[in-house]
Amino acid sequence: MTAAGAARRSLGAVALVVRDYDEAIAWYRDRLGFVCVEDTPLGDGKRWVLMATNPPAETRILLARARDKAQERAIGSQSGGRVFLFLHTDDFQRDFAAFRAHGVRFLEAPRDEAYGTVAVFEDLYGNKWDLLQQKP
């Protein structure tokens, strides 16, 4: 498409398979400071649960409770052991200290890279995340 005809698109949500809605909501809220921006019952125990950074960013995490054995096996390893999600921050040291104080498990010490300051942490299920402050 040309610039004049370019469509405006954005990533609305990323599905994250979880064991339990409420434990996942609590972990992301209490450990990372996320907010639950929607929690709508859909029937048969299914819910539409969207979490976002605070203040709410455009991209959300959809907490999707596993509904069968195959989905249960994906909990914590949706990316095959690689870093799955990248949480950008404007103050790495502030968030690193706050997350550690709230019991977030980091897998490495912070390191400076050409692109910024980064450290890998795990969520409650073992999914790997980068906490990242990008260089200007």
Side-chain angles (χ1 to χ4, degrees):
M1 291 186 162
T2 65
R8 184 179 182 278
R9 296 185 182 104
S10 65
L11 186 60
V14 173
L16 183 64
V17 182
V18 301
R19 182 176 40 243
D20 178 83
Y21 293 117
D22 294 323
E23 79 175 350
I25 290 168
W27 195 90
Y28 285 101
R29 180 192 62 223
D30 299 344
R31 307 283 175 109
L32 301 185
F34 281 36
V35 293
C36 184
V37 295
E38 185 174 348
D39 187 352
T40 303
L42 300 175
D44 294 327
K46 191 174 179 180
R47 291 156 58 182
W48 183 261
V49 179
L50 291 172
M51 302 294 291
T53 57
N54 191 16
E58 191 171 326
T59 303
R60 313 307 170 94
I61 295 175
L62 173 68
L63 301 179
R65 189 183 68 199
R67 63 175 188 249
D68 58 34
K69 294 292 182 193
Q71 290 180 9
E72 287 174 8
R73 285 190 298 274
I75 295 171
S77 64
Q78 289 185 207
S79 63
R82 293 186 59 100
V83 170
F84 179 49
L85 298 165
F86 299 79
L87 183 59
H88 290 193
T89 179
D90 64 347
D91 187 334
F92 182 90
Q93 293 304 324
R94 175 199 64 213
D95 289 340
F96 180 76
F99 290 179
R100 288 193 62 188
H102 287 99
V104 173
R105 181 173 174 248
F106 280 85
L107 302 178
E108 62 183 19
R111 65 185 194 280
D112 290 318
E113 297 289 349
Y115 53 84
T117 304
V118 64
V120 177
F121 68 91
E122 288 183 330
D123 69 13
L124 75 163
Y125 299 115
N127 293 298
K128 292 179 182 171
W129 292 61
D130 269 359
L131 176 62
L132 173 62
Q133 182 175 0
Q134 294 181 300
K135 290 184 178 175

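Quick note: numbers below take in every heavy atom, side chains included, and nothing from hydrogens, waters or symmetry partners. What you see is a predicted model; the values in this text were computed from it and never measured.
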Just wondering, do V118 and R111 contact through their side chains at under 4.5 Å, heavy atoms?
-> yes
Mind checking the CG-CZ spacing from L124 to R105? Nearest 0.5 Å is all I need.
-> 13.0 Å
Rounded to the nearest 0.5 Å, what's the gap from CD on Q71 to CZ on R19? Could you check?
-> 14.5 Å
Check whether any side-chain heavy atom of F106 lies under 4.5 Å from a side-chain heavy atom of L131, and answer yes or no.
-> yes
Separation between CZ (R82) and OG (S77), nearest 0.5 Å, reads 14.0 Å
Would you say T89 and R94 make side-chain contact, with heavy atoms under 4.5 Å?
-> yes
How long is the span from the CG atom in L50 to the CG atom in L62, to the nearest 0.5 Å?
-> 5.5 Å
hydrophobic_cluster_shared for V35 and L32, side chain cutoff 4.5 Å = no
Of all heavy-atom pairs linking W27 and D123, the shortest is CH2-CA, 3.3 Å
Any idea which heavy atoms bring D130 and F121 closest together, and the distance?
-> C-CE2, 4.2 Å
Does N127 reach the side chain of L85, with side-chain heavy atoms less than 4.5 Å apart?
-> no
Linking I/L/V/M/F/W/Y whenever their side-chain heavy atoms sit closer than 4.5 Å, directly or via other members, would W48 and V18 fall into one cluster?
-> no
Does a side-chain heavy-atom distance below 4.5 Å link P56 with R60?
-> yes
Considering non-hydrogen atoms only, spot the tightest contact between V49 and C36 and give its length.
-> CG1-SG, 4.1 Å
Kindly indicate whether the side chain of M51, heavy atoms from C-beta on, has any atom under 4.5 Å from the side chain of I25.
-> yes
Should we say atom NZ of K135 is surrounded by more than 12 heavy atoms from elsewhere, each under 6.0 Å from it?
-> yes
Shortest non-hydrogen contact from A119 toward P110 = CB-CA, 3.9 Å
Shared hydrophobic cluster, I61 / V104 (ILVMFWY, side-chain heavy atoms < 4.5 Å) | yes
Is the closest side-chain heavy-atom distance between L16 and Y28 below 4.5 Å?
-> yes
H102 atom NE2, over 12 foreign heavy atoms within 6.0 Å | no
Indicate the ring-plane relationship of W129 and F34, choosing parallel, tilted or perpendicular according to the 30° and 60° boundaries.
-> perpendicular
Closest non-hydrogen atoms of A24 and L63, given as atom of the first, atom of the second and distance, are CB-CD1, 3.8 Å
Got a sec, which residues hit salt bridge (charged side-chain N to carboxylate O under 4.0 Å, His left out) with R47, two or more places apart in sequence or on another chain?
-> D22, D39
Does any non-hydrogen side-chain atom of T59 lie less than 4.5 Å from one of S10?
-> no
Is a donor on one side and an acceptor on the other found under 3.5 Å between the side chain of D68 and the backbone of A70?
-> yes
Decide whether V120 and L87 are clustered together by the hydrophobic rule: side chain heavy atoms of Ile, Leu, Val, Met, Phe, Trp, Tyr closer than 4.5 Å, transitively.
-> no
Going by atom types only, do E23 and Y125 share a side-chain donor-acceptor pair under 3.5 Å?
-> yes
With no hydrogens and no angle check, is any side-chain donor or acceptor of Q133 less than 3.5 Å from a backbone partner on D90?
-> yes
Write down the atom of S79, the atom of F84, and the distance for their closest heavy-atom approach.
-> OG-CB, 3.5 Å
Working to the nearest 0.5 Å, report the span between CZ of F92 and CD of Q134.
-> 13.0 Å
